[in-house]
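Read the structure below first, then the notes.
All ligand and atom numbering here is 1-based and tracks the order in the structure.
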Amino acid sequence: MSADLPEDNRPLDEFAAIARYFKPLAGGDPTARHLDDDAAVLTPPEGMDLVFTKDAMVAGVHFFEDDPKDMVARKLARVNLSDLASMGARPLGYLLATALPEGSRVEWLEGLSRGFAADQEIFGWSLWGGDTVSTPGPATLSLTAVGAVARGQALSRGGAGEGDLIFVSGTVGDGGLGLRARKGDLPEGVTADSIKVLESRFLLPTPRMALGQALVGIASAAIDISDGVMSDLGHICEVSGLGAMVSQAALPLSDAARAVLELDPSFWPAIFAGDDYELLFTAPPARRDAVFKAAGMAGIPVAEIGRMEAGSHPRLMDEAGNMVTGSLAGYRHF
Ligand SMILES: [Mg+2]
């Protein structure tokens, strides 16, 4: 943790805050050097490539001001972990920058450290360093995640071939419906249980780490769903230089999502709104069995939803065999 302010301007509790809230997150990881030095020092794992990603979140833009602060930390960790998963990487450690409003600084530090600690247990990584400052603006958090994948084996958006099958993990649409739930904007008649399921999928996504790693050497292209299943498939199409056809009927939906759509089909666009953090990937037909075997070993359900084809963008076919028109582009929050 650097403290760049001159001594006179340094908040009195700067070092106390680091000692109390951040040092426990560094634990005994030698890379972090107990946060005693000016920077972290990583000895790269033998035979591995390092994978880097960064995501930032701003209060009022990417999360609600009154979201529980530990949940904000966990979502920030998880959206970054999901990017590592989409590359086939396992997590190693992270750097964290926080700009926190002075009035709620301690509350933030307590919530964030509690959230990061909980997810470090689950995902097996630790804090390597970072910085914490005060801001007159909204709370702003940025995390840089570092992972590792076998040399030359990182998954890519650009490897899909014509005729490759398209797969998605888990269920899609819960993130988009969860945001609507969080805003109190679901149809009358949705059960409290369904609302809770959808909200928690939005607040606390599950990055598919084991699946991403299991797909190394099997998937031809991969991405994680942040913008929406069709929008993110569009990124694979763009980088792979292909089109894609997806069957709407094949999209895996949760019971909660189905319940919403049965009550009001006008909520379909929310299915494509993103924040799912599932893995969307392709593989040649000859690897179909290997895909399902990898999914079984990772303990994560996978559905086959379509096929890569000649063209330049993804298309969606409804149950009657008609092309779905209208915007399927994911939208950003708020
Ligand atoms: Mg991503």
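For the side chain to side chain donor-acceptor pair (under 3.5 Å) test with D67, the passing option among R182, K75, H62 is R182; the others fail. Residue L316 forms a side chain to side chain contact (heavy atoms under 4.5 Å, CB included) with just one option from V229, N322, V246, and that option is V246. For the side chain to side chain contact (heavy atoms under 4.5 Å, CB included) with W128, the qualifying choice from V41, T144, L95, L96 is L95, the only one to do so.
Side chain of S240 to backbone of C237: no donor-acceptor contact under 3.5 angstrom is found.
Shown here are the protein N/O/S atoms lying under 2.8 Å from the Mg ion (ligand 1), water excluded: D83 OD1, D224 OD1.
Within 6.0 Å of atom NZ in K293, 12 or fewer heavy atoms from other residues, nucleotides or ligands are found, so the atom counts as exposed in its surroundings.
Classified by interplanar angle (parallel below 30°, tilted 30° to 60°, perpendicular above 60°), the ring pair W108/F63 is perpendicular.
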